[in-house]
Amino acid sequence: MDKKIILASNSPRRRELLAGLDLEFEVKVIKGIDESYPNTLPPTEVAQYIAAKKADAYLTTITDNDLVITADTVVIVDDEILGKPHDETQAKAMLRRISGRSHQVVTGVCLVTKDKRREFSVSTDVTFRCLTESEIDYYVSHYRPFDKAGAYGIQEWIGYVGVTALNGSYFNVMGLPVQRIYAELQKM
């Protein structure tokens with residue numbers, strides 16, 4: 001790659017996943033980017049919309065040699081977005097909603113340079129078995145999933161014991177569809 005890659009994310013999972021592509025990159029985060037979206041936007045389009053907004057915030061700070069990667073992940077149940085829980089009560093309520101059923105995880109990504117832009121989203125269907133209250137309590141108290149959309153990390157204990165089916169990219173559920181990013185970087 002002839003560009004300097006900048007990952008615009010504080011997420012340790014996104015850093016780990018991008019590093020798995022054996023690409024050199026640096027992390028640069030602009031704080032306070034507005035992540036709001038119109039409530040008329042279909043839930044499946046929200047992640048890509050927010051990723052594009054994040055990318056726009058970097059346009060004035062990058063050089064001709066920079067390529068910025070922004071991403072946003074949402075969990076969708078019954079056409080409703082489950083964001084990051086604010087506290088234990090909300091985290092447990094979210095886990096109850098996904099227990100015993102399937103939901104959709106959508107990650108929107110924007111790759112941007114001074115003169116090129118690629119936006120896309122990747123969707124994965126995840127199915128959980130019915131979780132017991134004690135499993136939900138254990139997970140929330142031990143893993144504190146307050147920085148995770150839908151209140152869970154598939155790569156953590158709850159994913160080990162609860163996920164029964166996955167249709168799509170596992171890495172997308174972790175927060176970065178690295179296979180698709182690799183393919184899009186090759187096109188750029």
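Atoms considered below: every heavy atom in the structure, side chains included; atoms not considered: hydrogens, waters and symmetry mates. The model shown is predicted, which means the values in this text are computed figures rather than measured ones.
- The backbone N or O of Ile62 sits less than 3.5 Å from a side-chain atom of Lys114, completing a donor-acceptor pair.
- A donor-acceptor pair shorter than 3.5 Å cannot be found between the side chains of Asn65 and Thr63.
- Expressed to the nearest 0.5 Å, how far NZ of Lys116 lies from CE of Met188 amounts to 6.0 Å.
- A donor-acceptor contact under 3.5 angstrom links the side chains of Tyr139 and Glu156, judged on distance only.
- Not one N or O on the side chain of Tyr160 forms a donor-acceptor pair closer than 3.5 Å with the backbone of Ile154.
- One side chain, Arg14 or Thr73, offers a donor N or O that lies under 3.5 Å from an acceptor on the other.
- In this structure, a donor-acceptor pair under 3.5 Å is absent between the side chains of Ser11 and Ser9.
- With rounding to the nearest 0.5 angstrom, the CD1 atom of Ile69 is 5.5 Å from the CG atom of Leu185.
- When atom types are taken as modelled, the side chain of Arg15 and the backbone of Asn10 share a donor-acceptor pair closer than 3.5 angstrom.
- No donor-acceptor pair under 3.5 Å is formed between the side chain of Glu135 and the backbone N or O of Leu131.
- The shortest distance between side-chain heavy atoms of Val173 and Leu166 falls below 4.5 Å.
- The cationic atom of Arg101 (NZ for Lys, CZ for Arg) does not lie both less than 6.0 Å from the six-membered ring centre of Phe128 and within 45° of the ring axis.
- In this structure, Tyr143 has its ring center at least 6.0 angstrom away from the ring center of Tyr152.
- Between Asp87 and Lys92 there is no salt bridge, since no side-chain N of the basic residue sits under 4.0 Å from a carboxylate O of the acidic one.
- No side-chain donor from either of Asp137 and Ser134 sits under 3.5 Å from a side-chain acceptor of the other.
- In this structure, the side chain of Thr127 does not engage the main chain of Thr164 through any donor-acceptor pair within 3.5 Å.
- With 3.5 Å as the limit, one finds a donor-acceptor pair spanning the side chains of Thr107 and Asn172.
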